Number of protein chains: 2
Amino acid sequence: MAKPVVPEDARRRRRPTRRGVVLSERLIVETALRMLREHGSAGLSARRLGAALGADPSTLYRYFDGMDALTLAIGEELIGRALDGWAVTGQWRHDLRELGLRIHGAYLSHPQAAVLTAGRVTGRPREIAADEAVLGILRTAGFPDPEAVLIYHAFIDQSLAFAALDAGALALSEPSRTSDEGQWESTYARLPADEYPHISATRRLLAARMNHSAYPVALDMLLASAESRLQALRAG
Amino acid sequence: MAKPVVPEDARRRRRPTRRGVVLSERLIVETALRMLREHGSAGLSARRLGAALGADPSTLYRYFDGMDALTLAIGEELIGRALDGWAVTGQWRHDLRELGLRIHGAYLSHPQAAVLTAGRVTGRPREIAADEAVLGILRTAGFPDPEAVLIYHAFIDQSLAFAALDAGALALSEPSRTSDEGQWESTYARLPADEYPHISATRRLLAARMNHSAYPVALDMLLASAESRLQALRAG
DNA sequence: TCCTTATGCCAACACCATTGACCTTATCTT
DNA sequence: AAGATAAGGTCAATGGTGTTGGCATAAGGA
């Protein structure tokens, strides 16, 4: 069972594949990401990835322990991309809002990877950097430590949770997704008004809202609540 | 492709399987839930479920359009369990809080199933009942329709998103989970204080917090924000 | 130049969901 | 009571998946 899996920087002999491609972790992860984006929700498989690389599927196992390890590598790449170019301005509410939207957006741009990855604590440098940044923003803004930790926790988990939820919707296979999205137009919109008065009364608003992410609204509500806690602390 | 799939209440001829089991949607869903609990989310397959029921896998297609439809039915069952015994008291904030905690709890009691279903819109009766209830609570409380729809959406997605995230943590295979949970004790708690001052300063609070769900805090923040919006509306 | 072995390829395995053909028997009709 | 109908079971087959062990070949150190 013990697959050796030579770490990337210890590789010396790079033999090209039959079709002349020289493999590397980097190339594999990037190709996988491109396939996920282009081929969309149809998904990633060892066979297809191999075909795209011009290599036999089993060759991938020389680089990753399995598809799960590959997925984690992809997830790590996503966290990195979310933080790229982000900088603190000093306005805590604005900074947190920006960061939340970036995390959410980065995951959503690769739903398949997000589904498998968003719930995991990686402990890698980029993730730690994000945690430190959020805690710093809150403590600098004036939240006392216990409060800062509570809000940090809610903030980061809510971002990841919505990322995973929304990514899950995008990652559904084609028939399932259109069925889900159609729910609000079909079933819900035609419910009898006497039995479901509230859904019925708001059906147009619902149809307009429900196929978008609720994350921005939820994020703003969390930040608004944090701000009023802060004001209460200052007043009292 | 058109599989007939007679709806449950139109079924008349119930032929027992070769092993004498009489099938029904209910029995299938309950068996699937039991299998998920016992063998994990990878442990549910048409073949295994068939074997557990003493029936051929293909028999399931007489009851569900496919594994996807079965998954939706499982999700509906979980929502139903969340609503069992829940009743509106008229205090909107208390009612929503109670409902949110119930949904979260119901999914967490079957983490493997939650991972599969928490992101899906089922459009079945009990899900619709939950939606109608939440909308009703908000509109009755005095939120104007557009506001009620926004908050409803954020509330319900927040509940499901956290349910999925927290369930995902519980559903991890044993080695992965203890590794994830140990992060806060090991890696994070030992970071150099000069490089990560904020994590360092709060490490005890973090260790105490991070292995629990952030959902109750996030939920309370969402409700607090909703309440102040309502007050602003009344004042203005 | 020769040897070692990293790394590619191939074939096979076990599993998966799903489908179409077939058969059996519960229920309805006469 | 007998026959007709079709619901609902079984069986066999298709084409997909991740993964593995054996083998071949060429890269790079000696």
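Since the structure is predicted, the reported quantities are computational estimates derived from the model, not experimental observations. In the text below, chain A, chain B and the rest are named by the order of the sequence lines, each starting its count at 1.
Comparing D/dT10, C/dC9, D/dG18 against the side chain of B/Asp56 picks out D/dT10 as the nearest.
Checked by atom type and distance alone, the side chain of A/Thr202 never pairs as donor or acceptor with a backbone atom of A/Leu205 at under 3.5 Å. Of the possible polar contacts, none joining the B/Arg209 side chain to the B/Ala214 backbone as a donor-acceptor pair under 3.5 Å is found.
Atom CZ in B/Arg19 sits about 14 Å away from atom C1' in D/dT10, given to the nearest Å. Taking atom CE on A/Met67 and atom P on D/dT17, their separation rounds to 10 Å, with Å as the unit. Put simply, CG on B/Leu70 is 15 Å from C1' on C/dC16, counting in whole angstrom units. Protein atom CG of B/Leu49 is 13 Å distant from nucleotide atom P of D/dG9, rounded to whole Å. A/Leu53 places its CG atom 16 Å from the P atom of C/dT7, with the value rounded to the nearest Å. In this structure, B/Leu44 places its CG atom 16 Å from P of C/dC15, rounding to the nearest Å. Atom CG of A/Leu60 and atom P of C/dT7 are 14 Å apart (whole Å).
Nearest heavy atoms, A/Pro197 versus B/Glu132: CD-OE2, 3.0 Å.
Residue contacts for A/Tyr63: at a heavy-atom cut-off of 4.0 Å it reaches the sugar-phosphate backbone alone, with no base atom in range.
Each of A/Thr59 and A/Arg47 was matched to the nucleotide of DNA chain C holding its nearest heavy atom; the match closer to the 5' end belongs to A/Thr59.
A salt bridge is defined here as a Lys NZ or Arg NE, NH1 or NH2 lying under 4.0 Å from an Asp or Glu carboxylate O, and A/Arg81 with A/Glu77 meets this definition.
In the interface, the side chain of A/Arg15 is paired with the base of D/dT25 through a donor and an acceptor atom under 3.5 Å apart. Contact of B/Ser58 with D/dC11 (side chain to base): a donor-acceptor pair of N or O atoms is detected under 3.5 Å. The base of C/dG8 lies close enough to the side chain of A/Arg62 for a donor and an acceptor atom to sit less than 3.5 Å apart.
Applying the 4.0 Å criterion to OP1 and OP2 of C/dC16, one finds that B/Ser45 has a side-chain N or O inside that range.
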